[in-house]
Novice: 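Encoded as structure tokens, here's the structure I'll be asking about.
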Amino acid sequence: RTVAGAVQHLEKEANNAAQGNASEEALIVAAHAVSAATTQLVPASTVKADPNSSAERRLREASARVTASTGQLVNAAKEAAKWEQEKKQEEDDEKYNLTENKSKEMEKMMQILRLEKELESARNQLGGMRKAEYADATGPASPSSPSAKATASPKSSGAP
């Protein structure tokens with residue numbers, strides 16, 4: 001089910017990208033999700049099946065092909081994003097004179113600082129989500145355990 005869900009998400013993002021409506025980041029995340037779900041499927045099936053069977057061998061080969069293909073997709077998306085950024089930068093360079101360039105440079109520096117702050121916040125939220133998911137998967141934690149304290153702290157919620 002996880003693989004099927006990841007593939008459906010990748011298909012949706014690929015269709016959006018083909019229509020020019022999706023970000024490269026969304027496509028990359030979807031591709032990584034497919035690769036991760038496929039990679040997790042192989043050991044899970046090995047537990048239930050004969051690891052030397054032809055079906056198991058084909059599953060491992062298919063998993064390797066999926067991982068290689070999603071890697072190629074990620075690289076293509078990154079190259080497309082790089083090309084778009086270079087094209088935009090060239091257009092911007094042609095538009096601005098020296099004073100405007102300095103002003104734009106300062107704006108970009110402020111944007112970078114804001115984005116770094118957002119990135120740190122998003123990483124903290126993702127860490128909190130993963131801790132909560134792990135805690136749910138391993139059962140209830142005691143109130144004195146570090147994971148219970150981490151999920152209860154206001155810093156991990158990402159709320160201002």
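Keep in mind that this is a model prediction, so the values were computed, not measured. The basis for the numbers below is simple: all heavy atoms, side chains too, and nothing from hydrogens, waters or symmetry mates.
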Novice: Is it true that Glu105 and Lys102 make a salt bridge, defined as a side-chain N closer than 4.0 Å to a carboxylate O?
Specialist: yes
Novice: Measuring from Leu115:CG to Ser121:OG, what's the distance to the nearest 0.5 Å?
Specialist: 12.0 Å
Novice: Lys78 vs Lys82, test: side chain to side chain contact (heavy atoms under 4.5 Å, CB included). Steps then yes/no.
Specialist: CA-CA 6 Å; Lys78 286 180 180 179; Lys82 182 179 174 184; over 6 Å; no
Novice: Say whether Lys108 and Gln111, considering side chains only, have a donor N or O and an acceptor N or O under 3.5 Å apart.
Specialist: yes
Novice: Just jot down the side-chain contact (heavy atoms from CB on, under 4.5 Å) partners of Ala33, sequence neighbours excluded, or say none.
Specialist: Ala6
Novice: Roughly how far, to the nearest 0.5 Å, is NE2 of His32 from OG1 of Thr39?
Specialist: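 If I round to the nearest 0.5 Å, the distance is 11.5 Å.
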Novice: Would you check if the side chain of Ser63 reaches a backbone N or O of Leu59 as a donor-acceptor pair within less than 3.5 Å?
Specialist: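 Not a single qualifying donor-acceptor pair exists.
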Novice: For Glu133, does the CD atom have more than 12 heavy-atom neighbours from other residues, nucleotides or ligands under 6.0 Å away?
Specialist: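 No, because the 6.0 Å sphere around CD of Glu133 holds 12 heavy atoms or fewer from other groups.
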Novice: Mind checking whether Val7 and Ile28 sit in one hydrophobic cluster, side chains of I, L, V, M, F, W, Y counted as touching below 4.5 Å?
Specialist: no
Novice: For residues 69-76, run the donor-acceptor check on the side chains, cut-off 3.5 Å, and write out each pair with its distance to 0.1 Å, sequence neighbours left out.
Specialist:
from  : atom 1 : to    : atom 2 : distance (Å)
Ser69 : OG     : Arg65 : O      : 2.9
Thr70 : OG1    : Val66 : O      : 3.0
Thr70 : OG1    : Thr67 : O      : 3.0
Asn75 : ND2    : Gly71 : O      : 3.4

Novice: Walk me through whether Leu126 and Arg123 qualify under side chain to side chain contact (heavy atoms under 4.5 Å, CB included).
Specialist: CA-CA 5 Å; Leu126 178 61; Arg123 282 187 173 138; 5.7 Å; no
Novice: Quick test of your reading of the model: are Arg57 and Glu61 salt-bridged, counting only N-O distances below 4.0 Å?
Specialist: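 Counted as a salt bridge, because a side-chain N and a carboxylate O are separated by less than 4.0 Å.
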Novice: Walk me through it: do Glu120 and Lys117 pass the test salt bridge (Lys or Arg N to Asp or Glu O under 4.0 Å)?
Specialist: CA-CA 5 Å; Glu120 181 66 26; Lys117 191 175 183 181; over 6 Å; no
